[in-house]
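For reference, the structure discussed in these notes is given below.
These numbers were taken from a predicted model, which means no experiment stands behind them. Per chain, numbering begins at 1; letters A, B, ... match sequence-line order.
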Amino acid sequence: MVRYNPKEVEPKWRAAWDAAGVFKAEAGGDRPKYYMLEMFPYPSGSLHVGHARNYAMGDVVARFKRARGFNVLHPMGWDAFGLPAENAAAERGVDPAAWTWDNIAKMRDELKRLGLSLDWSKELATCDPAYYGRQQAWFLKLLERGLVYRKEGLVNWDPVDMTVLANEQVIDGRGWRSGALVERRKLTQWFLRITQYAEALLDGLQTLDRWPDKVRLMQENWIGKSQGLKLTFEIVGGEPVAGLQVYTTRPDTLFGASFLAVAPDHPLAEAMAAADPAVADFIAQVRRGGTSEAEIETAEKLGWNTGLKAYHPFDKQRELPIWIANFVLMDYGVGAIFGCPAHDQRDLDFARKYGLAVLPVVLPPGGDPALFHVKQEAYVGAGRIFNSSFLDGLEIEAAKSAAVARAEAEGIGQGATVYRLRDWGVARQRGWGCPIPIIHCQACGVTPAPTEQLPIVLPSGLDFSKPGNPLARHPTWKHTTCPTCGGPAERETDTLDTFVDSSWYFARFPNPNSEDAIDKAAADYWLPVDQYIGGVEHAVLHLLYARFVTRALADEGMLSVKEPFAGLFTQGMVTHETYRRASGEWLEPGAVEVRNDGGQRHGVAIDTGEPILIGEAEKMSKSKRNVVAPADIADVYGVDAARLFVLSDSPPDRDVQWTSAGVEGAWRLINRIWAEFDEPGVADGQQEDAAATLALRRGAHRAAKAVTETIEGFRFNSAVARLYEFVAILRTSRTAACAPEARAEALSILARLVAPFAPHLAEEGWRRLGNGGMVALEPWPTWDAGLVEDEMRVLPVQINGKRRGEVRAPAGAASHDVEALVYANEEIATRLEGLTVRKFIVVTDRIVNVVAD
RNA sequence: GCCGCCGUAGCUCAGUGGUAGAGCGCAUCCUUGGUAAGGCUGAGGUCCGGAGUUCAAUCCUCCGCGGCGGCACCA
């Protein structure tokens, strides 16, 4: 008996894989390609078991596919720009580049320790000028094509940090870092014209049949396509403009209109504000309103009656007042609406507040036109149009078409498709990001940086100690000459959103050293990514941006695929209990001893012995100190145990709760597996037992089939459960007199089935069995269908739906044969005495039900 | 408010239109030369509640209850 010692075994095999270059990917050859990718990490400097779970899943698939004969690309890189480095710089005065590269080195070591089958020769980091310089190159190409533009828009501005914040960085109306009240400020910003691809991105979802429905649905909702009518209302008196255009998805309710409303930042509102301080005050008041979701939700409807009126387009006798309203959004549709209070809740709330008319025009089925009134709830259901001139009597859909057709015929409007999706604001006032390759010249204006100047590299020695953009206040960096006129000019000091960095890295991986941003030949071979794995938190932003950039680059001729990720899997989080002292101080798991007294768990602080409150399992976070690092586990049990556990306890798309007991369970499994490899012998001096041999072979072949199918179905937890069963069978077989060949065959299958999950253990076991080479290079086991299927079946027998016994029947036995067996069964026959059999149901190979009374 | 997911043993969670499961925990016993342990055996369930479909429902359908997540004034 040799004890399994992961501390020696694991490093040894990692070195062996490395030396043999087992995981190095080369484009080409006869094997089909398989591109396995996990979302690359931010190099925070420390790996936690959540990372380990993500990468372990990808590694199972990568190793499995390799064994199944695929040419596998499985690369790793670093999403290395972003705020944490700036925070470190601000707090500790370190250089963000040095800090980041140092973290990368640490995390690379930790990742390598997980025994992942990665091709490290493909490594890249987004903060490397070799990477972001190429990003600048394609950014300029998109600029030429009109996909990049500048526009003035309202943004979330943090007055303390002096930067633009993304919506998700605004919490309860305050900057997430500074805590300052966020202002809505007008700024000129860089945008990527993702809306040009709205339809393509929506259509493309149809082709992504290996994506979770949930993610496709979220993207569909995010793109938010709607069909409607853009319609121009003629303004009474023709001042200050002749007409006002609105957008509606309910042209059928036009005759129910009782007012028009424009957004506070609509040009009409702004024009009036310029002329009237009271209007300006109103707009300022509305803008001050909070930006948090809760505030928006509860915000009261506010309006300003401009005094202007417009003619109803289909009834010139009617004049509708024009309001400025806080609930109308400038960046959706055309920033102006008509209000139909009877059939829209927002319009109704507004109308009730300001005493505007409520005119019902949709009659619910069975409703009486004379009696139907709308009170506090708008009617948005189906029905027939009434009170509506030429639309009367039509169903809603027919009325929409009729109204659009009439508006088009009269030349006052046209059918329109509108998307909720907004263009992507990509400029950030940050110093640790990809510089936007633009030069501002007093004389020539906004000029692209010449390609030969790329990469435009970040300077060293930036000052992060003060809020605001360190690039903008760097003494020399921004000063340059205009490429057009040669005069003095300034570089753009905004940097790109880090989502830009991560929107094309998968296309760079096939050849990360290419002179071009993308090595077309290599990308054409490897793309699309066959299986992408990452957190569901990226369901919309990252995945939508990546899809957009892929299409934009494809239209540029740089790529051939339209969709970057053919298969997507979103994995759940790893959670952990939280521990805190009575004082409220959080404690890390290592500082607490959890005791178990008669099933009652309670925690004790190791340092003081005081009782500790055990809290619910939550997402691992630094603030609650419930983070577990794979390194801690590796020191005690080895990384294979950690890998097995994070894969075993819960389906991959669900959260898994990390517990020390669970890891110990995985560690025991490892030892049980090792015990099988270590004692392959058969009980001596016994006669070979044919039945036991068959049972062992069946178990092995069934395990091979089941593990294969569960990996393919992304049910890694079930796959591990099948390994548990298989090991139990092997254990039984040790004391039975199985044929030595059967035992050897079973152990060979075991090593190969274990390899994707616990690769180090599998290699050591493979060697212990007397094999040469590496299990990482072995083909996946196959199985004999004849051994997987049992020729005899146990059929439960029910009487009136309750299980009353069972019979053994040959597989596929016919109904009448089974019936005979059932009546021949003494126990069942007794129960049927005195009953009249009404029905006899046989489900072949599954069950029998006798209906009797 | 809209959309989605979840509810099964003490805990964490699998699973299936047809015999209710695993790990951990708990109990009993064995081993003490696999010992920073190992093994045998066992107890433990209203499969959230109600109705429906079915020969048969934990599973399918509908209505509730509870928890979680996403979106949210998108005209």
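Pair assignment for B/G49: B/C63, on the basis of Watson-Crick or G-U wobble contacts that are both within less than 3.5 Å. Using the Watson-Crick or G-U wobble rule with both distances under 3.5 Å, B/G1 pairs with B/C71. Under the Watson-Crick or G-U wobble criterion, with both distances below 3.5 Å, B/U19 is left unpaired in every strand shown. Across all strands shown, B/A9 has no partner, as no Watson-Crick or G-U wobble contact with both distances under 3.5 Å is found. In a base pair of the Watson-Crick type (N1 to N3 plus N6-O4 or O6-N4) or a G-U wobble (N1-O2 and O6-N3), with each distance short of 3.5 Å, B/G34 is matched with no nucleotide. With a cut-off of 3.5 Å on both pairing distances, the Watson-Crick or G-U wobble partner of B/C26 is B/G42.
The P atoms of B/A9 and B/G15 are separated by 15 Å, rounded to the nearest whole Å. Going from the P atom of B/C60 to that of B/A14 covers 15 Å, rounded to whole Å. Nucleotides B/U46 and B/G4 have their C1' atoms positioned 28 Å apart, rounded to a whole Å. B/G66 and B/G25 are spaced 35 Å apart, taking the P atom of each and rounding to whole Å. Only the P atoms considered, B/G69 is 25 Å distant from B/C62, to the nearest whole Å. Atom name P, nucleotides B/C40 and B/A22: the rounded distance is 13 Å, in whole Å. Across the P atoms, B/U31 and B/G17 are found 46 Å apart, a figure rounded to whole Å. Rounded to a whole angstrom, the distance from the C1' atom of B/U12 to that of B/C71 is 30 Å.
Nearest heavy-atom pair across A/Arg722 and A/Ala706 is CD-CB, 3.6 Å. Contact between A/Met39 and A/His542 at its shortest, heavy atoms only, is CE-CD2, 4.0 Å. Nearest heavy-atom pair across A/Ala325 and A/Pro264 is O-CD, 3.4 Å.
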Protein-nucleotides 37-43 of chain B N/O pairs closer than 3.5 Å?
unit_1 : atom_1 : unit_2   : atom_2 : d
B/G39  : OP1    : A/Arg672 : NE     : 3.4

What does the list of N/O pairs under 3.5 Å between the protein and nucleotides 66-69 of chain B look like, with a distance for each?
none

Considering only nitrogen or oxygen atoms on both sides, find all protein atoms under 3.5 Å from nucleotides 14-17 of chain B and state each distance.
unit_1 : atom_1 : unit_2   : atom_2 : d
B/A14  : OP1    : A/Arg654 : NH1    : 2.8
B/A14  : OP2    : A/Arg654 : NH1    : 3.4
B/A14  : OP2    : A/Arg654 : NH2    : 3.4

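With hydrogens and angles left out, the side-chain atoms of A/Tyr247 and A/Ser226 include a donor and acceptor closer than 3.5 Å.
Between the CD1 atom of A/Ile337 and the P atom of B/C73 there is a distance of 14 Å, rounded to whole Å. A straight line from CG of A/Leu647 to P of B/C13 spans 16 Å, rounded to a whole angstrom. Rounded to an integer number of Å, the gap from CG of A/Leu421 to P of B/C71 is 15 Å. Atom CG in A/Asn326 sits roughly 14 Å away from atom C1' in B/A75 (whole-Å rounding). Atom-to-atom, CG of A/Leu329 to P of B/A75 comes out at 10 Å; the value is rounded to the nearest Å. At whole-Å resolution of the value, CZ in A/Arg352 and C1' in B/C73 are 18 Å apart. Note: NZ (A/Lys225) to P (B/C71) measures 23 Å, nearest angstrom. Atom CG of A/Leu541 and atom P of B/G70 are 12 Å apart (whole Å).
Using a 30° and 60° split on the angle between ring planes, A/Tyr823 and A/Phe840 fall in the tilted class, from 30° to 60°.
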Q: Using the ring-ring contact (aromatic ring centres under 6.0 Å, His included) rule, take A/Phe714 and A/Phe716 through it: C-alpha gap first, then chi angles, then the decisive distance, then the call.
A: CA-CA 6 Å; A/Phe714 262 74; A/Phe716 307 124; 5.1 Å; yes

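Using a 4.0 Å heavy-atom distance criterion, A/Val418 is classed as making no nucleic acid contact. The residue A/Leu669 sits apart from the nucleic acid: no heavy atom pair falls under 4.0 Å.
Comparing B/C55, B/G70, B/A75 against the side chain of A/Asn849 picks out B/C55 as the nearest. Set against B/G23, B/A75, B/C71, the side chain of A/Trp222 has B/C71 as its closest nucleotide.
Judged by a 6.0 Å distance limit and a 45° cone about the ring axis, A/Lys301 is positioned over the six-membered ring of A/Phe327.
When the side-chain nitrogen and oxygen atoms of A/Ser226 are compared with OP1 and OP2 of B/A75, one or more of them lie within a distance under 4.0 Å. Phosphate proximity of B/C71 to A/Arg420: absent, as no side-chain N or O sits under 4.0 Å from OP1 or OP2.
Nearest-nucleotide assignment on RNA chain B puts the 5′-proximal partner with A/Asn221, out of A/Asn221 and A/Gly224. Both A/Ala721 and A/Asp347 lie near RNA chain B, and the one whose nearest nucleotide falls closer to the 5' end is A/Ala721.
Heavy atoms of other residues, nucleotides or ligands lying less than 6.0 angstrom from NZ of A/Lys7 number 12 at most. Summarising the local packing, CD of A/Glu709 is surrounded by more than 12 heavy atoms from other residues, nucleotides or ligands at distances under 6.0 Å.
For the atom pair CZ (A/Arg668) and CG (A/Leu644), the distance works out to 13.5 Å, reported to the nearest 0.5 Å. Rounding to the nearest 0.5 angstrom, the gap separating the CG atom in A/Leu543 from the CG atom in A/Leu201 is 11.5 Å. Considering CZ of A/Phe282 and CD1 of A/Ile324, their distance stands at 6.5 Å, rounded to 0.5 Å.
Syn is the conformation of B/G34, whose glycosidic angle sits no further than 90° from 0.
The one candidate from A/Phe350, A/Trp304, A/Phe338 that meets the ring-ring contact (aromatic ring centres under 6.0 Å, His included) condition with A/Trp323 is A/Phe350.
A donor-acceptor pair is defined here as one N or O able to donate and one able to accept, closer than 3.5 Å; no such pair exists between the side chain of A/His538 and the backbone of A/Thr570.
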